[in-house]
Amino acid sequence: MEYANLRRQAASLKRSLFDQGYLDEQFCQVEDLQDEASPNFAEEVVSLFFKDSARLVANIEQAMEKYPGDFNRWDAHMQQLKGSCFSIGASKMSNECTSFRNSCAEENAEGCRRSFQKVKREHAILRQKLESYFQLLRQAGPARTATRSGGK
């Protein structure tokens with residue numbers, strides 16, 4: 001019973017992440033790559049994303065401080081982060097990266113700063129939500145397969 005309840009909670013949380021625009025179909029494709037040989041594949045990919053994206057966020061922050069007004073440099077760093085977001089289906093965060101890049105194209109430093117704050121906020125929110133999601137899945141244990149009772 002506990003297994004089924006935890007799986008329902010995880011499914012509900014995942015559904016809400018899609019409904020709220022945090023994730024898109026790419027996340028499902030990452031999850032579909034899991035199998036018996038790599039049952040934690042999606043969690044590992046997401047963990048690598050957060051490790052890499054934290055580094056990229058720091059790089060953007062440093063570039064904005066060290067190279068004020070170098071919109072091409074800022075944009076190049078944000079393009080890397082946006083690609084990482086796309087790889088796991090982090091759509092809300094990806095949209096904020098696009099806003100930042102649009103501000104770079106307009107050479108709007110204040111717009112970049114506002115968008116960058118939103119990127120960092122969405123990053124933190126997504127991390128918390130996905131950590132909760134994977135924690136529920138770990139608590140539930142591996143997915144069970146249906147078996148026939150009393151059969152040959």
Side-chain angles (χ1 to χ4, degrees), residues 4-143:
N5 186 36
L6 289 168
R7 285 280 167 188
R8 269 195 301 280
Q9 288 177 35
S12 177
L13 178 55
K14 180 179 170 182
R15 196 169 29 261
S16 75
L17 291 171
F18 279 86
D19 292 346
Q20 295 170 21
Y22 286 102
L23 297 175
D24 64 24
E25 189 59 33
Q26 181 64 27
F27 183 78
C28 292
Q29 291 179 12
V30 171
E31 283 192 316
D32 287 346
L33 295 173
Q34 289 187 160
D35 58 17
E36 289 179 12
S38 57
N40 300 320
F41 180 77
E43 185 174 9
E44 291 168 8
V45 168
V46 169
S47 178
L48 289 172
F49 163 76
F50 282 114
K51 182 179 178 183
D52 188 50
S53 61
R55 178 187 57 81
L56 293 171
V57 166
N59 290 348
I60 295 164
E61 208 153 38
Q62 290 171 355
M64 292 176 77
E65 290 172 11
K66 194 172 182 178
Y67 305 100
D70 189 343
F71 296 101
N72 289 330
R73 183 182 304 260
W74 299 0
D75 183 63
H77 285 294
M78 188 58 77
Q79 176 60 27
Q80 288 181 319
L81 181 59
K82 184 177 179 183
S84 291
C85 293
F86 180 77
S87 72
I88 68 155
S91 58
K92 205 169 203 179
M93 200 173 150
S94 179
N95 291 340
E96 292 302 339
C97 291
T98 298
S99 294
F100 179 96
R101 297 191 71 217
N102 290 341
S103 292
C104 283
E106 297 165 359
E107 297 189 355
N108 177 352
E110 185 55 38
C112 288
R113 281 189 279 281
R114 276 194 311 271
S115 292
F116 187 54
Q117 291 307 312
K118 291 179 182 176
V119 167
K120 291 194 299 186
R121 184 177 65 240
E122 294 304 333
H123 183 262
I125 291 169
L126 184 63
R127 177 188 293 260
Q128 181 270 319
K129 290 181 179 287
L130 285 176
E131 283 175 354
S132 296
Y133 171 69
F134 287 116
Q135 182 179 10
L136 284 170
L137 291 179
R138 281 192 307 275
Q139 289 173 345

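Quick note: numbers below take in every heavy atom, side chains included, and nothing from hydrogens, waters or symmetry partners.
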> Would you say the side-chain atoms of S99 and K118 include a donor-acceptor pair closer than 3.5 Å?
Replying inline: no
Residue pair [X] / [Y]: nearest heavy atoms and the distance that separates them:
X	Y	value
L33	S38	O-OG, 4.1 Å
L13	S16	O-OG, 2.8 Å
I60	H77	CG1-CB, 3.5 Å
L6	L136	CD2-CD2, 3.9 Å
V57	F116	O-CZ, 3.5 Å
L137	A10	CD2-CB, 3.6 Å

> Do side-chain atoms of S47 reach the backbone of E43 as a donor and acceptor pair under 3.5 angstrom?
Replying inline: no
> Looking only at atom types and distance, does a side-chain atom of D70 sit under 3.5 Å from a main-chain N or O of R73, one as donor and one as acceptor?
Replying inline: yes
> Step by step, would you call S53 with H123 a side-chain contact (heavy atoms from CB on, under 4.5 Å)?
Replying inline: CA-CA 8 Å; S53 61; H123 183 262; 2.7 Å; yes
Find the distance between [atom1] ([X]) and [atom2] ([Y]) and round it off to the nearest 0.5 Å.
X	Y	atom1	atom2	value
N59	K66	CG	NZ	11.0 Å
E122	S94	CD	OG	11.5 Å
L23	K92	CG	NZ	10.5 Å
R101	Q79	CZ	CD	4.0 Å
R7	Q139	CZ	CD	11.0 Å
L17	L130	CG	CG	6.0 Å

> Does the side-chain contact (heavy atoms from CB on, under 4.5 Å) test come out yes or no for M93 and I125, once each step is laid out?
Replying inline: CA-CA 10 Å; M93 200 173 150; I125 291 169; over 6 Å; no
> Does CZ in F86 sit with more than 12 non-hydrogen atoms of other residues, nucleotides or ligands closer than 6.0 Å?
Replying inline: no
> Can you check side-chain contact (heavy atoms from CB on, under 4.5 Å) on C85 and F49, steps first, answer last?
Replying inline: CA-CA 8 Å; C85 293; F49 163 76; 4.2 Å; yes
>> For V46, run the side-chain contact (heavy atoms from CB on, under 4.5 Å) check against F27, Y133, F41 and tell me which one passes.
In response: F27
Mind checking whether [X] and [Y] have side chains closer than 4.5 Å, heavy atoms only?
X	Y	result
K82	T98	yes
M64	C112	yes
Q34	P39	no
M78	C104	no
Q128	S132	yes
Y22	S91	no

> Mind checking whether W74 and F100 have parallel, tilted or perpendicular rings, split at 30° and 60°?
Replying inline: tilted
>> Between E96 and K120 (salt bridge meaning N to carboxylate O under 4.0 Å), is one present in this structure?
In response: no
>> For E31, is there an ion pair with K14 - N to carboxylate O distance below 4.0 angstrom?
In response: yes
> What do the steps show when you test F18 against C28 for side-chain contact (heavy atoms from CB on, under 4.5 Å), and what is the final call?
Replying inline: CA-CA 10 Å; F18 279 86; C28 292; 3.5 Å; yes
